[in-house]
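Reckoned from all heavy atoms, side chains included, excluding hydrogens, waters and symmetry mates. Counting from 1, the numbers follow the sequence of the chain as shown.
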Amino acid sequence: MQTAATVKALRSITAKARQDGLTIGFVPTMGNLHDGHLKLVRQARNTCDFVIVSIFVNPLQFGPNEDLAAYPRTLAADKEKLFAEGTNLLFAPSVDEMYPGNPNLQTQVTVPEISNTLCGAVRPGHFTGVATVVSKLFNMVQPDTAIFGKKDFQQLLVIRRMVNDLSMPIEIVGVDTARSDDGLALSSRNGYLNSHQRTIAPRLHKILQDYRGALASGFDNYAELEHLATADLYAAGFRPDYFSIKDASTLAEVTPETEEVVILTAAMLGNTRLIDNVTLALNPVSDWGMLAVN
């Protein structure tokens, strides 16, 4: 596995790969890699000839009271995992390499509307930070395909919208959420949970499944379901930011034309913020209010 810490070195290596006629798959991460990340790497390896993984803890996507300083940085262990997965190139730039000068005074990329709801409403500016760093990474790497996890469902839609709006010739692939045996979505922030919180955390996914079941059975009063689910989250020990049922392609309200719905939630458990989601396809043979599990 080759490594690069500068854009110049990265471009030298990728130029050689393109000269050799290799397709490039890209997995952007913030490190502290777990099996969810490695699942993305495997997807890239299965679909492309040359796999690049970036590790960069992006300061632009953290709010002033969030966990930028505490975010786990485990570069040596991450390198071992990526080597074992057959990664071709690790790009691990510094903040100065990514944002020479003051990051807040540089050009930023904003994806309107879809960035302002759900996590975007709770974390103002977060998705501008995400879109900016991913846009820069795409320009640096110039991949044929980029791989993202569906756990960060809103992020995936923001990136797809950005790529489409800016006419970037990149295929965006979403990969199903990797989970522990008890259903908890894998996340680098799970390490913040104490032993008691870790026993509670799987309830987040269980509540999502319960309400997906209610929708699948034909209950289509979305506002009431959101209200009831929020109460269930509080009762389980969470402090929810939101529990929301949306059109899976736009994150807009569900309409008779909606083909798939997504149920999304974000909630604090102690000092740890957890997110998760499940989706359902509409039943094509019945009226639009009836849903079937995807």
Subject >> Candidate pair Asp182 and Arg198, rule salt bridge (Lys or Arg N to Asp or Glu O under 4.0 Å), full reasoning >> reply: CA-CA 10 Å; Asp182 57 13; Arg198 181 60 186 80; 2.9 Å; yes
Subject >> Donor-acceptor contact present, side-chain Thr132 to main-chain Gly129, <3.5 Å >> reply: no
Original post:
Taking Ile263 as the fixed residue, which of Ile207, Asn277, Thr279, Leu208 is the one that meets the side chain to side chain contact (heavy atoms under 4.5 Å, CB included) rule?
Top reply: Leu208
**OP:** Would you indicate whether the side-chain heavy atoms of Gln142 and Arg18 approach each other to under 4.5 Å?
**Re:** yes
Original post:
Residues in ring-ring contact (aromatic ring centres under 6.0 Å, His included) with Tyr71, at least two apart?
Top reply: Phe62
Subject >> Interatomic spacing from CG in Leu280 to CG in Leu215 - rounded to 0.5 Å >> reply: 6.0 Å
Original post:
Among all residues two or more places apart in sequence or in another chain, which pass the side chain to side chain contact (heavy atoms under 4.5 Å, CB included) test with Ser94?
Top reply: Asp96, Glu97
Original post:
What pairs with Tyr192 under ring-ring contact (aromatic ring centres under 6.0 Å, His included), at least two apart in sequence or on another chain?
Top reply: none
**OP:** Please answer whether the main-chain N or O of Asp152 pairs with a side-chain N or O of Gln155 as donor and acceptor at a distance below 3.5 Å.
**Re:** no
Subject >> Check ion pair Asp35-Lys39 (N to O, under 4.0 angstrom) >> reply: no
Subject >> Check: Thr230 side chain, Glu226 main-chain N or O, donor-acceptor pair, under 3.5 Å >> reply: yes
Original post:
Between the side chains of Asp144 and Thr23, is a donor N or O closer than 3.5 angstrom to an acceptor N or O?
Top reply: no
Original post:
Do you reckon Leu156 sits in the same ILVMFWY cluster as Val109, going by side-chain contacts under 4.5 Å, direct or chained?
Top reply: yes
Subject >> Centroid-centroid distance, Phe243 to Tyr211, less than 6.0 Å >> reply: yes
Original post:
Can you name the closest pair of heavy atoms from Thr250 and Leu157 and give their distance?
Top reply: N-CD2, 4.1 Å
Original post:
Do the charged groups of Asp67 and Arg273 touch, with an N to O distance under 4.0 Å?
Top reply: no
**OP:** Answer yes or no: is there a donor N or O on one side and an acceptor on the other, between the side chain of Asp241 and the main chain of Ala266, under 3.5 Å?
**Re:** no
Original post:
Within the side chain of Thr87, is there an N or O that forms a donor-acceptor pair under 3.5 Å with the backbone of Leu89?
Top reply: no
**OP:** Using only heavy-atom distances, determine whether the side chains of Gln61 and Asn58 contain a donor-acceptor pair under 3.5 Å.
**Re:** yes
**OP:** May I ask you to decide if His34's main-chain N or O and His37's side chain share a donor-acceptor pair within less than 3.5 Å?
**Re:** yes
**OP:** May I ask you to decide if Leu40's main-chain N or O and Gln43's side chain share a donor-acceptor pair within less than 3.5 Å?
**Re:** no
